[in-house]
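Input: a single structure, listed below in structure tokens.
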Amino acid sequence: MKIRKVFLQGIAICLVWMTMLTHSLAATEPPAVWRFGLEEIEGSVQDIYAQAFKKKVEDKSQGEVVVDIYSYGMLGESEDLTALTAIGTLQLTHASMGIIGAQVPEMQVFTIPYLFSADDELNQRVLSSNPTLYEILGNALIDQDLRLMTIYLEGDMVWSTNKLIRKPRDFNQFKMRVMNSSLVIETFKLFGAQALPLPYSQVYGSLQARIIDGQSNPIFSIEEMKFYEVTEYLIWSGQQKFTTSVLANQAWYLTLSSAHKRILSETIEELSPYIFEQQTKLNKAQLKTIKESKPSMTMVTLTKREKAAFKKASDPIRKQYIENAGEAGKRLLEALEADFNNVK
């Protein structure tokens with residue numbers, strides 16, 4: 001922990017120095033700099049979001065604000081980005097629900113298997129506007145010096161594996177890479193797999209060396225990180241949607257002028273339908289790329305009966321989530337289930 005703290009402090013000092021060098025020397029009154037951290041590489045869904053955010057904010061502010069974007073790996077892993085935002089080194093960051101759920105148990109609601117509707121347009125509307133969602137998660141994040149700005153979908157979580165998986169017993173002696181989330185780890189244990197948390201950057205090498213037998217991510221991620229090169233099956237299980245949030249440093253947000261707060265909120269609102277459209281296009285395009293690059297790749301969509309078997313196996317996760325997140329988490333889960341079940 002002490003080494004991690006020193007690492008984060010070093011990043012903070014470097015970023016301040018870089019910002020002064022880049023933006024201050026040539027101007028009598030330098031622009032405000034909003035540093036935005038990403039969990040993904042250039043060209044990803046989060047990068048598409050951040051680039052659109054940057055253009056809108058800089059245009060709306062007429063040069064008063066400059067947005068600096070830091071792609072995956074520039075400032076460490078996902079946990080580092082959240083920590084850097086909490087201490088104010090970054091002003092904004094993306095944070096996936098499984099990762100930040102270690103700090104804020106309520107956030108792990110989106111890791112509960114088979115929670116979402118089959119209608120992604122409905123899912124996105126709920127994520128962008130459900131009042132209970134923003135009340136409960138917003139309050140929980142403020143306690144972590146963070147502010148919830150928005151939540152959006154990045155696509156279906158697809159299993160890429162070296163073995164055909166159609167039923168829970170197929171996971172016997174199967175090593176599945178998972179994000180470092182207690183509920184995700186427990187879910188794959190209930191499925192029958194050995195769940196191994198690994199950093200995103202280590203997944204390709206671990207698949208190649210057969211340290212793991214599979215992993216789960218949206219299609220765009222599987223293509224951009226080339227996971228399909230070292231697996232043989234793509235399996236749409238319906239288990240989960242990849243859901244990310246945009247968080248701000250709470251103290252920084254409170255110091256913004258009313259004009260800059262307005263620019264920030266307008267931009268976030270405008271990007272909700274935009275990123276839904278863009279992630280849908282990107283996932284379709286990357287799936288086509290995978291098919292063209294590796295025609296031998298086997299694509300499988302589980303049947304309703306097969307999905308039901310995995311859902312039944314993972315039923316204890318709902319109870320575990322409520323135990324971890326308490327009454328606030330239970331109220332949030334019930335509110336989301338009511339909205340998502342409208343079309344089920």
Side-chain angles (χ1 to χ4, degrees), residues 45 96-98 101 107-127 130 151-172 174 176-179 181 183-193 195 213-223 227-228 231-244 276 279-284 286-287 290-291 297-321 333 336-344:
V45 171
S96 58
M97 300 307 184
M107 298 286 277
Q108 291 207 46
V109 67
F110 297 110
T111 66
I112 296 174
Y114 301 96
L115 170 69
F116 285 94
S117 158
D119 181 348
D120 273 346
E121 290 188 1
L122 171 65
N123 293 333
Q124 184 58 41
R125 287 198 302 272
V126 173
L127 291 180
N130 181 281
I151 302 171
Y152 67 86
L153 295 175
E154 293 196 55
D156 289 322
M157 293 288 277
V158 178
W159 301 341
S160 61
T161 70
N162 284 312
K163 176 185 175 182
L164 179 59
I165 305 290
R166 302 205 75 129
K167 48 192 177 297
R169 67 173 174 267
D170 293 334
F171 270 124
N172 184 41
F174 187 99
M176 189 72 167
R177 180 268 173 179
V178 296
M179 67 177 70
S181 159
L183 292 190
V184 175
I185 292 168
E186 185 60 26
T187 294
F188 279 98
K189 286 182 178 178
L190 290 169
F191 289 164
D213 303 308
Q215 65 84 46
S216 180
N217 262 300
I219 284 294
F220 81 86
S221 173
I222 292 170
E223 193 285 325
F227 298 149
Y228 70 92
T231 50
E232 299 302 323
Y233 297 90
L234 290 179
I235 303 169
W236 281 258
S237 66
Q239 173 205 342
Q240 192 182 343
K241 309 280 185 181
F242 191 87
T243 312
T244 194
F276 177 75
Q279 68 87 8
T280 302
K281 287 181 179 178
L282 183 61
N283 279 303
K284 286 181 179 178
Q286 302 299 55
L287 179 59
I290 292 173
K291 290 178 177 179
M297 197 81 183
T298 301
M299 315 275 177
V300 177
T301 299
L302 299 189
T303 65
K304 288 183 178 180
R305 180 175 293 183
E306 289 168 337
K307 291 176 183 177
F310 283 104
K311 185 176 188 299
K312 183 177 180 181
S314 63
D315 277 348
I317 294 298
R318 189 181 189 279
K319 181 180 179 181
Q320 186 174 333
Y321 168 75
L333 175 57
L336 291 174
E337 286 177 329
D339 278 357
F340 291 142
N341 285 331
N342 280 337
V343 296
K344 284 186 178 178

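Heavy atoms only: backbone and side chains are in, while hydrogens, waters and symmetry mates are out. We're numbering straight along the sequence, starting at 1.
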Answer whether the closest heavy-atom distance between the side chains of Val184 and Met97 falls below 4.5 Å. no

### Message
Between Met157 and Pro218, is there a side-chain heavy-atom distance shorter than 4.5 Å?
### Response
yes

With sequence neighbours left out, the residues meeting salt bridge (charged side-chain N to carboxylate O under 4.0 Å, His left out) with Arg125 are none

TODO: For the residue pair Ile219 and Asp156, establish whether any side-chain heavy-atom pair is separated by less than 4.5 Å.
DONE: no

When every non-hydrogen atom of Phe188 is compared with those of Gln239, the smallest separation belongs to CZ-OE1, 3.4 Å

Before giving the answer on side chain to side chain contact (heavy atoms under 4.5 Å, CB included), spell out for Leu287 and Lys284 the whole-Å C-alpha distance, their side-chain angles and the decisive distance to 0.1 Å.
CA-CA 5 Å; Leu287 179 59; Lys284 286 181 179 178; 5.9 Å; no

Distance col, row Gln286:CD vs Ile222:CD1, nearest 0.5 angstrom, shows 11.0 Å

Problem - Neighbour count above 12 (heavy atom, 6.0 Å) for Lys307 NZ - result: yes

Closest heavy-atom pair, Gln124 versus Ile151, reported as atoms and distance to 0.1 Å, is NE2-O, 3.6 Å

Here the gap from Phe340 atom CZ to Asp119 atom CG, rounded to the nearest 0.5 Å, amounts to 10.5 Å

Residues Phe191 and Ser314: closest non-hydrogen pair is CE2-CB, 3.8 Å

Q: Indicate yes or no for a side-chain donor-acceptor contact from Asp170 to the backbone of Lys167 under 3.5 Å, with no hydrogens or angles considered.
A: yes

Correct closest heavy-atom pair for Leu115 and Leu333 would be CD1-CD1, 3.7 Å

* Is the closest side-chain donor-acceptor distance between Asn283 and Gln279 under 3.5 Å? -> yes

Can you confirm whether or not the ring centre of Trp159 sits under 6.0 Å from the ring centre of Phe171? yes

Taken to the nearest 0.5 Å, the spacing of Tyr321 OH from Gln108 CD works out to 8.5 Å

Between Pro113 and Ile317, the two heavy atoms sitting closest are CD-CG2, 3.8 Å

Interatomic distance, CG@Asn172 vs NZ@Lys163, rounded to 0.5 Å, equals 6.5 Å

Thr231 meets the side chain to side chain donor-acceptor pair (under 3.5 Å) criterion, sequence neighbours left out, with none

Salt bridge (Lys or Arg N to Asp or Glu O under 4.0 Å), that's the test. Do Asp315 and Lys312 meet it? Break it down for me. CA-CA 5 Å; Asp315 277 348; Lys312 183 177 180 181; over 6 Å; no

Exercise. Give a yes or no answer on whether the side chain of Gln215 reaches the backbone of Phe227 with a donor-acceptor pair at less than 3.5 Å.
Key: no

Task: Check: Lys241 and Asn123 side chains under 4.5 Å, non-hydrogen atoms - done: yes

Correct closest heavy-atom pair for Lys189 and Ala195 would be CG-CB, 4.4 Å

Rounding to 0.5 Å, atoms CG (Leu183) and CZ (Arg318) come to a distance of 12.5 Å

Here the gap from Met107 atom CE to Ser96 atom OG, rounded to the nearest 0.5 Å, amounts to 9.0 Å

_Assess the residue pair Val126 and Leu336 against the criterion (side chain to side chain contact (heavy atoms under 4.5 Å, CB included)); give the C-alpha distance rounded to whole Å, side-chain angles, the decisive distance to 0.1 Å, and a yes or no._
CA-CA 8 Å; Val126 173; Leu336 291 174; 3.8 Å; yes

Arg166 CZ: over 12 foreign heavy atoms closer than 6.0 Å = yes

Exercise. Would you say the ring centroid of Phe276 lies under 6.0 angstrom from that of Tyr152?
Worked result: no

Audit row: Tyr233, Ile165, side chain to side chain contact (heavy atoms under 4.5 Å, CB included) steps and yes/no
CA-CA 9 Å; Tyr233 297 90; Ile165 305 290; over 6 Å; no

Q. Would you call the rings of Phe110 and Phe116 parallel, tilted or perpendicular if under 30° counts as parallel and over 60° as perpendicular?
A. parallel

* Asked: Does some side-chain heavy atom of Thr243 sit less than 4.5 Å from a side-chain heavy atom of Leu153?
  -> yes

Next item on the list: Kindly indicate, with the supporting measurements, whether the criterion side chain to side chain contact (heavy atoms under 4.5 Å, CB included) is fulfilled by Glu232 and Thr298.
Entry: CA-CA 6 Å; Glu232 299 302 323; Thr298 301; over 6 Å; no

